[in-house]
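Following: one structure in C-alpha cells, then a few remarks.
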Amino acid sequence: MRFERCRNLFGEEDFAKIQKSRILILGVGGVGSYALDCLYRSGVENITILDYDTFDETNRNRQIGADAVGEKKLDVFARLYPNITTIEQKMDMAWVAGFDFEPYDIVIDAADTTKVKLEVAKRCYKKLIMSVGSAKRYDASKIEVASIWKTHGDALARKIRNELKRAKFDRNFTVVFSPEEDRCKEKGSFVGVTGAFGLTICSEAIKKVLSSC
C-alpha cells in the first residue's frame, strides 16, 4: 500500500527500475535533504548520503531534520530514513580522487565547495546532477534544468563553466539552477527555493533512471 500511488503513476516495470536504482547524494543540507526525502518517498531502495556536518540553529529555516540542533546530520537521517547508507566524510579533493563512483546510477552534487564540484563533474559527468545557486533567491518559478553549458544568470554556474573551459573539459552534465538575481548580499536562503531545488533534482534523477534502463 505504501507505494501504491507511485506504482499507479509509473507502472510496475518502471517502478521496479526506480526501486533498484542506486543513488548517491553529496551533501544533505537545504537542497540535498529534500532530494533525499523525495527519492526515499518515491521508492528508491539504494540511497547513499555523504556529509560531515552537525545541525546548527541557522539550518532550521531550510533543512529537513534540523530541529535536532547539535546532532550529526547522518545520525538524524539514519533515523528518519531507515535502510539508507551513510558515509561520514568531509568532501575534499583527496576524497573525490579516491572514491569509487562506479556503483552508482546517479550522483547528486549538493555540495558547497567549487573545487570539489569541479572534480566530481570530471569524475562522473555521465551520471551527475549538480545543484548551483539556490541561495539568495525566493522565486521558485525561476528554477531551470539544463546542461552546464546552457546555464545562465548564476555566478557559481558561470565560475564552474569558466574553470571547466580552462581545464579543457567539454563534456555535458545536468545542472539545476536559477537565473533569478540575488536578493541579498549576505547569506540568505528560503526553503521554498532550496527545497524546490531538491525536489527538482529528485524528478531529474527519476527521469534519468527510467530513460537509461
Side-chain angles (χ1 to χ4, degrees), residues 23-42 47 49-51 53 55-56 58-66 73 91 106-122 124-166 169-209 211:
I23 299 181
L24 172 65
I25 305 176
L26 306 178
V28 280
V31 173
S33 63
Y34 280 85
L36 166 60
D37 189 76
C38 180
L39 291 164
Y40 189 85
R41 295 181 189 279
S42 301
I47 303 173
I49 64 173
L50 184 146
D51 209 299
D53 290 335
F55 285 116
D56 65 46
T58 65
N59 300 148
R60 295 180 70 188
N61 81 313
R62 68 193 184 284
Q63 298 185 21
I64 292 175
K73 291 182 181 181
M91 284 173 278
I106 303 289
V107 176
I108 293 169
D109 172 20
D112 296 325
T113 307
T114 303
K115 288 183 178 180
V116 170
K117 297 176 87 70
L118 287 164
E119 291 307 307
V120 169
K122 293 173 186 176
C124 57
Y125 63 91
K126 290 182 179 179
K127 57 182 72 175
L128 179 62
I129 303 173
M130 179 184 287
S131 169
V132 300
S134 64
K136 302 180 182 180
R137 294 157 166 81
Y138 55 70
D139 187 351
S141 72
K142 302 290 188 183
I143 295 172
E144 297 184 32
V145 180
S147 159
I148 181 61
W149 307 112
K150 298 294 184 181
T151 55
H152 58 96
D154 177 75
L156 177 55
R158 181 170 62 252
K159 184 176 182 179
I160 290 171
R161 290 196 311 271
N162 290 339
E163 291 295 328
L164 290 175
K165 288 177 183 176
R166 193 169 290 116
F169 180 92
D170 61 358
R171 305 303 177 92
N172 282 314
F173 56 89
T174 300
V175 176
V176 177
F177 71 103
S178 172
E180 181 184 0
E181 64 181 60
D182 290 355
R183 301 294 183 172
C184 61
K185 292 183 179 180
E186 303 301 325
K187 289 183 179 180
S189 58
F190 167 52
V191 70
V193 170
T194 60
F197 262 64
L199 298 179
T200 302
I201 287 170
C202 175
S203 176
E204 289 301 308
I206 296 297
K207 290 192 292 183
K208 279 182 177 290
V209 166
S211 66

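For the single chain, residues carry numbers from 1 onward in sequence order.
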Exercise. How many angstroms lie between atom CZ of R158 and atom CD1 of I160, to the nearest 0.5 angstrom?
Worked result: 11.5 Å

Exercise. At what distance, to the nearest 0.5 angstrom, does NZ of K136 lie from NZ of K185?
Worked result: 10.0 Å

Exercise. Quick one: does V31's side chain get under 4.5 Å of I201's, heavy atoms only?
Worked result: yes

Exercise. Which value, rounded to the nearest 0.5 Å, describes the distance between L199 atom CG and D37 atom CG?
Worked result: 8.0 Å

Problem set entry | Over all atoms of both residues, closest heavy-atom pair of S141 and D139 | OG-OD1, 2.5 Å

Seminar exercise, completed: So NZ of K122 and CG of L164: to nearest 0.5 Å the spacing works out to 6.5 Å

Exercise. Are any of the side-chain heavy atoms of M91 and V120 separated by less than 4.5 Å?
Worked result: no

Exercise. S178 and G133: which non-hydrogen atoms are nearest, and at how many Å?
Worked result: CB-O, 4.2 Å

For this session: Kindly say whether A111 contributes a backbone atom to a donor-acceptor pair with the side chain of K117 at under 3.5 angstrom?
Result: yes

Exercise. Given K187 and T58, is the side chain to side chain donor-acceptor pair (under 3.5 Å) satisfied, shown in steps?
Worked result: CA-CA 10 Å; K187 289 183 179 180; T58 65; over 6 Å; no

Exercise. Quick one: does K73's side chain get under 4.5 Å of F55's, heavy atoms only?
Worked result: yes

Exercise. D51 side chain to V28 main-chain N or O, any donor-acceptor pair under 3.5 Å?
Worked result: yes

Seminar exercise, completed: In terms of heavy-atom contacts, S42 and I206 come closest through CB-CD1, 4.5 Å

Exercise. Where the side chain of R137 meets the backbone of K142, is there a donor-acceptor pair that is under 3.5 Å apart?
Worked result: no

Problem set entry | Over all atoms of both residues, closest heavy-atom pair of F173 and M130 | CE1-CE, 3.7 Å

Exercise. When rounded to the nearest 0.5 angstrom, what distance separates OG in S131 from CG in L26?
Worked result: 11.5 Å

Exercise. Going by heavy atoms in the side chains, are F169 and E163 under 4.5 Å from each other?
Worked result: no

Exercise. Is any side-chain heavy atom of H152 closer than 4.5 Å to a side-chain heavy atom of F177?
Worked result: yes

For this session: Answer yes or no: is there a side-chain heavy-atom contact under 4.5 Å between L39 and I25?
Result: yes

Problem set entry | N59 (side chain) donor-acceptor with D56 (main chain) under 3.5 angstrom | yes

For this session: Work out which heavy atom in I143 is nearest to a heavy atom in T200; give both atom names and the distance.
Result: CG2-OG1, 4.1 Å

Problem set entry | Nearest non-hydrogen partners of I148 and T151, listed with the distance | O-OG1, 2.7 Å

For this session: Please say which of T174, N172, V175 ends up in a side-chain contact (heavy atoms from CB on, under 4.5 Å) with S147.
Result: N172

Exercise. Out of V107, L36, I106, which one pairs with I23 under the side-chain contact (heavy atoms from CB on, under 4.5 Å) rule?
Worked result: I106

Problem set entry | Residues which pass disulfide (SG to SG under 2.5 Å) with C38, listed by chain and number, not counting sequence neighbours | C202

Problem set entry | Side-chain donor or acceptor of R171 paired with backbone N/O of Y125 under 3.5 Å | no

Exercise. Hey, what do you get for CG (D109) to CG (L50), rounding to the nearest 0.5 Å?
Worked result: 11.0 Å

